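Structure first, then comments.
Sequence lines set the chain letters: A, B, ... in the order given, protein chains first and strands last, and positions in each chain run from 1. These numbers come from a predicted model, not from an experiment.
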There are 2 protein chains.
Amino acid sequence: MSAAPKHDVYQAIADSSRREMLMLLAKNDASIKEISEHFSISRTAIVKHLNVLSDAKLVSDRKAGRSKIYSLQPEQLAEVKEWVSYFEQFWDNKISMLKNLVESDFEE
Amino acid sequence: MSAAPKHDVYQAIADSSRREMLMLLAKNDASIKEISEHFSISRTAIVKHLNVLSDAKLVSDRKAGRSKIYSLQPEQLAEVKEWVSYFEQFWDNKISMLKNLVESDFEE
DNA sequence: TATACATAAAACCAAATGGTGTCATATCAA
DNA sequence: TTGATATGACACCATTTGGTTTTATGTATA
């Protein structure tokens, strides 16, 4: 949980607890305590996961009284989306293969 | 590298070497030896990565003489795509943000 | 048949990961 | 001010991860 971005977005979403946390924060901002209530693991473990997400810039936090409120910051997921979409041509359907082919023809 | 699917797709793509391998295999099927030539790590390490990818059903393999040929099997990436696309509404454009805001107002 | 080639299998290692529990500190509220 | 609440900071632990080297096995081919 250093200052240098030790965790990238792919690593951050590799853990199912962290994916659940992102889903939670997509609905509402939440404090550490509120987040903890949705999981069976210890608060310490929750905080560690949040640090990984924070490191990957998938969440931001602000202090409010004695609470620390986390917010979803989903922009980094665009990176994943783009990477995955490269592979779509190989599975989706013939139409998207064709679409992809046509688009790349126009671009270059 | 057990029979039970120990590695899921999110874990499999968490490593950049493995992501590169998938990109490689997207272009052409390749043997372990051919894949190794694109990386600076040992062949043993390559095989371990391929086992993780195989475990996550992102690649398949077939024997051909003394070679083992790996193929991309990208279907599992659809899971990732779907998961990520849930978050698109939060970053894509103002309209969907507004839509979301209005909807949440109605909910509470 | 020898030999070179491609992969398999095993033992080992350091560091990272995901978890725990305990104690300290800051803040709100009675 | 005192107590409850929310978080921060540590120290600790077992397992997994990503890597290594060494040794064995199966397969083409000169």
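Between B:Ile13 atom CD1 and D:dT17 atom P the separation is 15 Å, expressed in whole Å. In this structure, the CD1 atom of B:Ile69 is 11 Å from the C1' atom of C:dT7, given to the nearest Å. We find that CG of A:Leu50 is positioned 12 Å from P of C:dG19, with the value rounded to whole Å. Between the C1' atom of D:dA9 and the NZ atom of A:Lys68 lies a distance of 12 Å, rounded to the nearest Å. A:Glu34 places its CD atom 11 Å from the C1' atom of D:dA6, with the value rounded to the nearest Å. Here the P atom of nucleotide D:dT21 and the CD1 atom of B:Ile46 are 14 Å apart, to the nearest Å. We find that CD1 of A:Ile32 is positioned 13 Å from C1' of C:dA26, with the value rounded to whole Å. Distance B:Lys63 NZ to D:dG26 C1': 7 Å, rounded to the nearest Å.
Between B:Arg66 and the phosphate of D:dT25, there is no side-chain N or O to OP1/OP2 separation shorter than 4.0 Å. The phosphate of D:dA6 has OP1 or OP2 within less than 4.0 Å of a side-chain N or O from A:Lys33. For C:dG19, the OP1/OP2 oxygens have no side-chain nitrogen or oxygen of A:Arg43 closer than 4.0 Å. The phosphate of C:dG19 has OP1 or OP2 within less than 4.0 Å of a side-chain N or O from A:His49. Using a 4.0 Å cut-off, no side-chain N or O of A:Ser42 falls inside it from OP1 or OP2 of C:dG19. Not one side-chain nitrogen or oxygen of B:Gln11 sits closer than 4.0 Å to the OP1 or OP2 atom of D:dT16. For B:His7, no side-chain nitrogen or oxygen approaches OP1 or OP2 of D:dT16 to under 4.0 Å.
Mapping A:Ala45 and A:Gly65 onto DNA chain C by nearest heavy atom places A:Ala45 closer to the 5' end of the strand. If you find the closest nucleotide of DNA chain C to A:Ala64 and to A:Thr44, the one lying nearer the 5' end belongs to A:Thr44.
Residues B:Ile35 and B:Leu25 are in side-chain contact: their nearest non-hydrogen atoms beyond the backbone lie under 4.5 Å apart. Residues A:Ser71 and A:Arg62 meet the side-chain proximity criterion, which asks for heavy atoms closer than 4.5 Å. Inter-residue side-chain proximity for B:Gln73 and A:Phe90 is flagged as unmet; no heavy-atom pair is nearer than 4.5 Å.
With values rounded to the nearest 0.5 angstrom, B:Phe39 atom CZ is found 4.5 Å from B:Glu20 atom CD.
With C:dA6, C:dA10, C:dG18 as the candidates, the nucleotide lying closest to the side chain of B:Ser67 is C:dA6.
When the options A:Asp8, A:Leu58, A:Ile13 are evaluated for a side-chain contact (heavy atoms from CB on, under 4.5 Å) with A:Gln76, the one that passes is A:Leu58.
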